[in-house]
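Below is one structure; the comments refer to it alone.
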Amino acid sequence: MPEPSNTTIAINAVKEDRADDFAAWLTGSVAPAVERLRAHHSERWRVLRDTQAADGVVVFAFLFEGGQPADWDLWRLLEEDLGSEGVERARSEVDDMLARPQVSWIFEPFPLVGTE
């Protein structure tokens, strides 16, 4: 498989007392939606969960390999899956779980060898 042209990393600071709810939402709603609607992306994303809470926050880091930012638009995906009312409910639930808004960056590969 060719190396992706970029990697998007998104950080979600989740309230410590809601971290298990957030994890359940990911495995019960998001992952199945990706499998149903974006199966070609299923091997190109992963989630890392902080091993220890700090200051009442558990960090979930998302890594998305390749594609464009629109390819990884969670709310667009969930709107396709749940409809407009369902996605608004989901957004409200997730907003209640987050300690602060998500932050994300798009990275491109940086060669460590062979550059002069």
Side-chain angles (χ1 to χ4, degrees):
M1 176 187 296
E3 185 175 320
S5 58
N6 61 55
T7 300
T8 299
I9 298 176
I11 302 296
N12 289 273
V14 178
K15 297 172 187 172
E16 183 177 8
D17 64 336
R18 299 299 308 274
D20 289 339
D21 297 332
F22 189 77
W25 176 72
L26 290 173
T27 59
S29 296
V30 177
V34 170
E35 288 299 316
R36 280 192 300 277
L37 301 172
R38 304 280 192 282
H40 59 286
H41 287 324
S42 64
E43 296 295 320
R44 296 176 38 210
W45 74 296
R46 63 189 210 147
V47 179
L48 304 172
R49 181 178 176 163
D50 198 351
T51 59
Q52 189 170 359
D55 298 324
V57 170
V58 174
V59 174
F60 286 76
F62 292 72
L63 289 83
F64 306 105
E65 297 291 340
Q68 301 300 315
D71 295 334
W72 303 109
D73 185 331
L74 171 67
W75 301 116
R76 185 183 330 183
L77 170 75
L78 290 179
E79 185 164 16
E80 284 181 49
D81 194 46
L82 304 172
S84 59
E85 289 181 20
V87 77
E88 287 308 314
R89 278 191 305 275
R91 188 184 298 265
S92 177
E93 291 171 14
V94 170
D95 285 347
D96 188 52
M97 294 181 212
L98 297 178
R100 53 187 167 271
Q102 179 188 73
V103 293
S104 63
W105 305 267
I106 300 172
F107 296 88
E108 61 185 18
F110 180 80
L112 295 174
V113 294
T115 59
E116 309 237 351

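- Between A10 and Q102, the closest heavy-atom pair is CB-NE2, 3.6 Å.
- Each of R76, R38, R36 was checked for a salt bridge (charged side-chain N to carboxylate O under 4.0 Å, His left out) with D81, and the lone residue meeting it is R36.
- Cluster membership check: W75 shares its hydrophobic cluster with L37, using side-chain heavy-atom separations under 4.5 Å among Ile, Leu, Val, Met, Phe, Trp and Tyr.
- Put simply, CG on L77 and CG on D71 are 11.0 Å apart, with the number rounded to the nearest 0.5 Å.
- In terms of hydrophobic clustering, with Ile, Leu, Val, Met, Phe, Trp and Tyr side chains grouped at heavy-atom distances under 4.5 Å, V47 and I9 are assigned to different clusters.
- V87 and V94 fall within the same hydrophobic cluster, defined by Ile, Leu, Val, Met, Phe, Trp and Tyr side-chain heavy atoms under 4.5 Å apart, directly or through other members.
- Annotation: side chain of V59 is not in contact with side chain of V14 (no heavy-atom distance under 4.5 Å).
- Rounded to the nearest 0.5 Å, atoms CG (L82) and CZ (R91) are 11.5 Å apart.
- The shortest distance between side-chain heavy atoms of F62 and L26 falls below 4.5 Å.
- In this structure, N12 CG and R49 CZ are separated by 12.5 Å, a value rounded to the nearest 0.5 Å.
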Derivation of the side-chain contact (heavy atoms from CB on, under 4.5 Å) call for W25 and R18: CA-CA 11 Å; W25 176 72; R18 299 299 308 274; over 6 Å; no
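- Shown here for V57 and A99, the closest heavy-atom pair between the two residues is CG2-CB, 3.8 Å.
- Put simply, F64 and I11 are part of two different groups of oily side chains (I, L, V, M, F, W, Y) that touch within less than 4.5 Å, one to the next.
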Intermediate values then yes/no, side-chain contact (heavy atoms from CB on, under 4.5 Å), D96 and K15: CA-CA 9 Å; D96 188 52; K15 297 172 187 172; 3.9 Å; yes
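- A single hydrophobic cluster is not seen to contain both V30 and L63; linkage of ILVMFWY side chains at heavy-atom distances under 4.5 Å, directly or through other members, places them apart.
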Steps toward side-chain contact (heavy atoms from CB on, under 4.5 Å) verdict (D21, E93): CA-CA 10 Å; D21 297 332; E93 291 171 14; over 6 Å; no
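- In this structure the side chain of E108 never reaches within 4.5 angstrom of the side chain of S5, judged on heavy atoms.
- Rounding to the nearest 0.5 Å places CD of E65 at 8.5 Å from CZ of R46.
- A donor-acceptor pair under 3.5 Å is formed between the side chain of W72 and the backbone N or O of G66.
- With contacts defined as side-chain heavy-atom distances shorter than 4.5 Å, the pair T8/W45 does not qualify.
- The CE atom of M97 lies 11.0 Å from the CG atom of D17; values are rounded to the nearest 0.5 Å.
- Remark: side-chain polar atoms of T27 are paired, donor with acceptor, to backbone N or O of A24 under 3.5 angstrom.
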